[in-house]
Amino acid sequence: MERMIIFCMLFFCSSMVLTAAPQKAVKYKQLVKTIEHLETVVKDEDAELLHTPENPVDGCLFTAVTCFQNGTLKLQPKNSQVNSTFIKTVKILRRTILRDSGKQCESSCESYEKKAPKDFLKGFAKLMKKVIRVDSSWLFF
């Protein structure tokens, strides 16, 4: 009887873990779509260049995402007609995306190359796709 109860508890716990991971992946995929939408309404000409993290190591994903989130505050809308949706979209990207891993990264935001806003957003989307792969890969080990 005890074994049956323990088995049921393990089964329940493992099924909860497996359902939590796909929800995160859906959240991250929605963020990628949000970033891609922002690319269409962001001012790219005569705009400030932004530090764009590229190829961060897995332990530094939090730092890279934080760099991108801070950079979104410097983005400007293409025109006044898209201003309200632009502000809402930037607010979505400012929400907590990842938890801090606690690892100290050698590179800071300022150490990355500065790029135009559209290239910055493409880099952000690419990083979020990497986060999706890293986050879902732990299920298979």
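If you're wondering where the values come from, they're calculated on a predicted model, not measured in any experiment.
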With side-chain contact (heavy atoms from CB on, under 4.5 Å) as the test, would you mind laying out the steps for Asn70 and His51 before giving the verdict?
CA-CA 10 Å; Asn70 293 337; His51 294 284; over 6 Å; no
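- Considering all non-hydrogen atoms of both residues, Lys129 and Glu36 come closest at NZ-OE2, 3.7 Å.
- Val42 and Leu49 fall into different hydrophobic clusters, defined by Ile, Leu, Val, Met, Phe, Trp and Tyr side-chain heavy atoms under 4.5 Å apart, directly or through other members.
- Put simply, CG on Leu121 and OG1 on Thr34 are 11.5 Å apart, with the number rounded to the nearest 0.5 Å.
- Contact between Gln69 and Leu93 at its shortest, heavy atoms only, is NE2-O, 2.9 Å.
- More than 12 heavy atoms of other residues, nucleotides or ligands shown are found within 6.0 angstrom of CD on Glu110.
- Nearest heavy-atom pair across Pro56 and Lys130 is O-NZ, 2.6 Å.
- Using bins of under 30°, 30° to 60° and over 60° for the plane-to-plane angle, the ring pair Phe68/Phe124 lands in the parallel bin.
- Within the model, atoms NZ of Lys118 and CD of Glu45 stand 8.5 Å from one another, a figure rounded to the nearest 0.5 Å.
- Rounding to the nearest 0.5 angstrom, the gap separating the CE atom in Met128 from the CG atom in Leu61 is 9.5 Å.
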Worked verdict on Tyr28 versus Val32 for side-chain contact (heavy atoms from CB on, under 4.5 Å):
CA-CA 6 Å; Tyr28 295 151; Val32 170; 5.7 Å; no
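- Taking CG of Asp44 as the reference point, atom NZ of Lys78 lies at 9.0 Å (rounded to 0.5 Å).
- By the 6.0 Å contact criterion, NZ on Lys27 is enclosed, its count of non-hydrogen atoms from other residues, nucleotides or ligands being greater than 12.
- The pair Lys126-Glu39 does not count as a salt bridge, with every side-chain nitrogen at least 4.0 angstrom from each carboxylate oxygen.
- Note that the CG atom of Leu127 and the OG1 atom of Thr52 stand 11.0 Å from one another [nearest 0.5 Å].
- The distance from the CZ atom of Phe120 to the CG atom of Leu38 is 9.0 Å, given to the nearest 0.5 Å.
- For the residue pair Val82 and Pro77, the shortest heavy atom distance occurs at CG2-CB, 4.0 Å.
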Could you walk me through whether Leu50 and Leu75 pass side-chain contact (heavy atoms from CB on, under 4.5 Å), step by step?
CA-CA 9 Å; Leu50 304 163; Leu75 295 173; 3.5 Å; yes
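- Tyr112 is not connected to Val131 by any chain of hydrophobic side-chain contacts under 4.5 Å among Ile, Leu, Val, Met, Phe, Trp and Tyr, and they are in different clusters.
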